[in-house]
Student: 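Just dropping this structure here.
Numbers for residues simply follow the sequence, beginning at 1. Both counts, for ligands and for their atoms, begin at 1 and track the order of listing. No hydrogens, no waters, no symmetry mates; every other heavy atom, side chains included, goes into these values. Just so you know, these numbers come straight off a predicted model, no measurement behind them.
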Amino acid sequence: MRKKIIAGNWKMFKTVNEAVELVNGLKREVSDITAVDVVVCPTFVNLAVVADMLVDNNIKLGAQNLFWENEGAFTGEVSAPMLKAVGVEYVIIGHSERRQYFHETNDTVNKRLKSALKAGLLPIVCVGENLAEREGGKTFDVVKDHITGSLAGLSPEDMGKVVVAYEPVWAIGTGKTATSAQAQEVHKFIRETLTKMFGGAVADGVRIQYGGSVKPENTADLMFQPDIDGALVGGASLKVDSFAAIVKNSIKK
Ligand code: 13P
């Protein structure tokens with residue numbers, strides 16, 4: 001059985017005081033939940049403060065990006081060992097906003113991924129098609145390209161540590177959620193692709209999150225599909241009530 005993982009991607013939201021307030025609220029609401037993994041991913045500047053607040057807590061800490069070199073003259077970048085040292089456990093890699101606005105490619109995603117694994121971080125690797133690609137019938141081609149390119153050269157053992165997030169770009173921040181059938185179809189395809197790359201045993205164990213306008217109201221429908229193992233939540237992760245409701249709705253009653 002794959003344990004579900006619900007992660008909040010805070011993107012570029014929350015000052016330090018706002019982050020503290022949100023984490024305090026989440027600690028009240030979801031700290032005692034162990035049936036699913038709950039992860040919050042604040043901005044870099046708020047990681048250390050949130051890490052201190054989550055010591056001895058079930059809520060886990062994630063970052064939103066990293067650079068692949070361990071240290072050096074790379075102004076503005078943050079490395080995997082630095083994230084690890086501050087108490088980060090998970091790291092989002094290759095989010096569509098990074099691919100779109102910051103020129104990330106499968107190749108740079110792959111470098112970040114290998115660096116994260118080497119430092120002992122658990123990567124959440126994002127893949128997904130945009131609207132033109134979906135309407136052009138290219139969804140499976142794009143997702144296959146993202147999966148094979150981003151995860152190239154990983155050992156089966158390392159792949160066992162990776163979480164994949166399927167985030168159709170047309171569903172991000174638009175209020176347009178993929179239907180559970182649309183999402184399940186792509187998640188199944190991702191697992192089949194992983195089976196070809198890493199073998200059935202590894203692919204069966206990989207957690208594949210759905211992301212794109214996940215809300216409390218659509219969580220259960222999405223989460224109870226056979227190949228959907230959690231959610232990567234943007235907007236609805238910024239408020240205690242909605243994120244806590246998503247976490248609770250992802251647990252089968
Ligand atoms: P929304 O939940 O705001 O659509 O964002 C999804 C996302 O990009 C999470 O990484």
Student: Just checking, any donor-acceptor pair under 3.5 angstrom between side chains of N106 and S150?
Tutor: yes
Student: Please confirm whether E97 comes within less than 3.5 Å of ligand 1 when only nitrogen or oxygen atoms on both sides are compared.
Tutor: no
Student: From atom 2 (O) of ligand 1, work out which of A165, S242, G234 has a heavy atom at the shortest distance.
Tutor: G234
Student: Any nitrogen or oxygen of G235, side chain or backbone, less than 3.5 Å from one on ligand 1?
Tutor: yes
Student: Taking only heavy atoms of S213 into account, list the atoms of ligand 1 that are under 4.0 Å away from them.
Tutor: 1 (P), 2 (O), 4 (O)
Student: Should D158 and K161 count as an ion pair when the cut-off is N to O under 4.0 Å?
Tutor: yes
Student: Which ILVMFWY residues are connected to I5, directly or by a chain of links, through side-chain heavy atoms under 4.5 Å apart?
Tutor: V39, Y90, I92, L122, I124, V163, L232
Student: Tell me: protein heavy atom nearest atom 9 (C) of ligand 1, and distance?
Tutor: E167 OE2, 2.9 Å
Student: Step by step, would you call W170 with E129 a side chain to side chain donor-acceptor pair (under 3.5 Å)?
Tutor: CA-CA 8 Å; W170 50 271; E129 80 289 358; 2.8 Å; yes
Student: Test of understanding: given a 4.0 Å heavy-atom threshold, classify the contact between I172 and ligand 1 as side chain, backbone, both, or neither.
Tutor: both
Student: Check if A236 has a non-hydrogen atom at a distance under 4.0 Å from any atom of ligand 1.
Tutor: no
Student: Can you list the other members of the hydrophobic cluster that holds F74, where links are side-chain heavy atoms under 4.5 angstrom apart?
Tutor: F67, W68
Student: Which of the atoms in ligand 1, numbered in the order shown and given with their element, are less than 4.0 Å from a heavy-atom of G212?
Tutor: 4 (O), 6 (C)
Student: Under a 4.0 Å threshold between the charged nitrogen and the carboxylate oxygen, would D227 count as salt-bridged to K188?
Tutor: no
Student: What are the atoms of ligand 1, with element, lying closer than 4.0 Å to any heavy atom of G173?
Tutor: 1 (P), 3 (O), 4 (O)
Student: Could you find the nearest protein heavy atom to atom 5 (O) of ligand 1 and give me its residue, atom name and distance?
Tutor: K11 NZ, 3.3 Å
Student: Counting heavy atoms only, which part of A171 comes closer than 4.0 Å to ligand 1: side chain, backbone, both or neither?
Tutor: backbone
Student: Between L232 and ligand 1, does any nitrogen or oxygen pair lie at a separation below 3.5 Å?
Tutor: no
Student: With a 3.5 Å cut-off and no angle check, do the side chains of N57 and S31 form a donor-acceptor pair?
Tutor: yes
